[in-house]
Amino acid sequence: MTAIVRAVGIRKEFGGQEVLKGIDLEVQLGEVLCILGPSGSGKSTLLRCINHLETPDKGYVWIKGQIIGFELKNNMLCELPVKAVRAQQSRLGMVFQHFNLFAHRTVLGNIIEGPMQVRGVPRAAATQKAHELLELVGLSEKAEAWPGELSGGQKQRVAIARALAMEPSVMLFDEPTSALDPELVGEVLAVMKHLASTGTTMIVVTHEIGFAREVADRVIVMIDGEIRETGPADTVLTNPKDLRVRTFLSRVLT
Ligand SMILES: Nc1ncnc2c1ncn2[C@@H]1O[C@H](COP(=O)(O)OP(=O)(O)OP(=O)(O)O)[C@@H](O)[C@H]1O
């Protein structure tokens, strides 16, 4: 097995409150991992520590064997300069709850920006790839549209295409459907299901238990900054051992 993501001993506190209490986690090549848990249990913070949008107070994350945010100099770990961290982050496709599209760029402009600016891909190649990705997310006809002309579901599909354009090693989703009207959730989950079926390595923070049950290779449940349960979706969702996980699931499954 090949671990694409390895997190060891991740701790994070905000204002004296410990939000992550020593998280160890591995994600294998092609694996879909869903992170579930009550509001405030630290799911988003864990995701943000994995891609170094938050620097853990303790612990380290390796992406494809390379430690993120640091380099080894004279046998000592030193913080990397911001630009080098950005380059590392570009190997992690991040999809946020609130899309974060550039309002003053067209759909196509949003997708080609990263590959051209960060990876130096020529415009023609970036444009061709963007059209392929728009087809993948079912939005070929929207290439020249502005974000403001799109529904929430369409915006999120563009955000997924934009993340994929960077050819990331792993896709990170932070509650990608939470900001959507209920009738738009399905179209985004369908794109994510398709990605999962193509072997994309994915870490998904979600409240969509149905998605986790259907798509996840593995589920973890976080409670109060700790992983309290981990295993195949069916086992965790139908027969959790941890009492607090059982209480959480009984609330969300009814
Ligand atoms: N930048 C920050 N500054 C201060 N506190 C923060 C920050 N980010 C997160 N927190 C706090 O850390 C705790 C965990 O937040 P986090 O967003 O990781 O939880 P979550 O499980 O993703 O919750 P939700 O499902 O509601 O999104 C919360 O108490 C939150 O208020």
Side-chain angles (χ1 to χ4, degrees), residues 5-27 32-61 63 68-69 79 82 85-86 89 92-100 152-153 155-156 159-160 163 170-182 184-185 188-189 192 202-213 215-216 218-231 233 236-237 240 242-254:
V5 178
R6 189 158 79 91
V8 176
I10 303 297
R11 291 184 177 271
K12 184 76 188 172
E13 81 174 43
F14 293 113
Q17 186 207 350
E18 207 174 18
V19 169
L20 297 177
K21 300 176 179 170
I23 302 282
D24 298 324
L25 182 68
E26 277 198 359
V27 181
V32 177
L33 174 76
C34 282
I35 304 179
L36 310 177
S39 182
S41 56
K43 306 179 296 295
S44 297
T45 305
L46 175 59
L47 212 59
R48 293 169 67 80
C49 282
I50 288 173
N51 68 5
H52 220 70
L53 282 175
E54 296 283 0
T55 307
D57 298 330
K58 287 206 175 122
Y60 298 100
V61 175
I63 307 294
I68 190 160
E79 279 189 44
V82 173
V85 177
R86 294 277 175 275
Q89 286 170 329
L92 299 160
M94 185 81 179
V95 177
F96 300 90
Q97 192 176 352
H98 291 290
F99 330 126
N100 297 7
K155 282 182 195 161
Q156 195 59 298
I160 293 172
V170 53
M171 286 285 287
L172 308 177
F173 294 85
D174 192 3
E175 300 189 25
T177 56
S178 299
L180 300 177
D181 291 337
L184 302 178
V185 168
V188 173
L189 294 182
M192 291 169 63
M202 295 164 58
I203 305 180
V204 185
V205 171
T206 186
H207 294 286
E208 296 287 338
I209 304 286
F211 176 85
R213 193 189 291 281
V215 180
R218 192 158 52 96
V219 161
I220 65 177
V221 183
M222 290 183 65
I223 307 273
D224 280 349
E226 293 176 320
I227 296 176
R228 297 292 281 259
E229 194 97 22
T230 177
V236 169
L237 295 174
D242 186 277
L243 183 61
R244 292 186 66 189
V245 172
R246 226 180 292 159
T247 308
F248 160 69
L249 287 173
S250 68
R251 251 189 302 119
V252 293
L253 287 171
T254 51

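Every number for a ligand or one of its atoms is a count from 1 in the order of the listing.
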Tell me whether [X] contacts the main-chain N or O of [Y] through its side chain, where contact means a donor paired with an acceptor under 3.5 Å.
| X | Y | answer |
| --- | --- | --- |
| Gln156 | Phe96 | yes |
| Glu54 | Thr45 | no |
| Glu13 | Asp57 | no |
| Lys43 | Met222 | no |
| Asp224 | Ser41 | no |

Which one of [options] has a non-hydrogen atom at the shortest distance from [atom]?
| atom | options | answer |
| --- | --- | --- |
| atom 28 (C) of ligand 1 | Gly40, Ser41, Gly225 | Gly40 |
| atom 15 (O) of ligand 1 | Leu20, Thr45, Thr206 | Thr45 |
| atom 25 (O) of ligand 1 | Lys43, Glu18, Glu54 | Lys43 |
| atom 22 (O) of ligand 1 | Ser178, Ser44, Cys49, Gly37 | Ser44 |

Ligand 1 contact by [X], heavy-atom criterion under 4.0 angstrom:
| X | answer |
| --- | --- |
| His207 | yes |
| Met222 | no |
| Gln17 | yes |

For [atom], what's the nearest protein heavy-atom neighbour? Residue, atom name and distance, please.
| atom | result |
| --- | --- |
| atom 12 (O) of ligand 1 | Val19 CG2, 3.2 Å |
| atom 9 (C) of ligand 1 | Phe14 CE1, 3.5 Å |
| atom 27 (O) of ligand 1 | Glu175 OE2, 2.9 Å |

- Heavy-atom closest pair (Val61 atom, Ile50 atom, distance to 0.1 Å) is CG1-O, 3.7 Å
- Note on the structure: On a heavy-atom basis, the closest approach of Asp24 and Gly9 is OD1-N, 2.6 Å
- Note on the structure: Of Leu237, Ile35, Val236, the one forming a side-chain contact (heavy atoms from CB on, under 4.5 Å) with Val221 is Val236
- Item | Evaluation steps, side chain to side chain contact (heavy atoms under 4.5 Å, CB included), between Leu25 and Val5 | CA-CA 8 Å; Leu25 182 68; Val5 178; 5.6 Å; no
For [X], counting its heavy atoms only, list the atoms of ligand 1 lying under 4.0 Å from any of them.
| X | result |
| --- | --- |
| Pro38 | 21 (O) |
| Gly42 | 14 (C), 18 (O), 19 (O), 20 (P), 21 (O) |
| Ser39 | 23 (O), 24 (P), 25 (O), 26 (O) |

- Are there protein heavy-atom neighbours of atom 30 (C) of ligand 1 below 4.0 Å? no
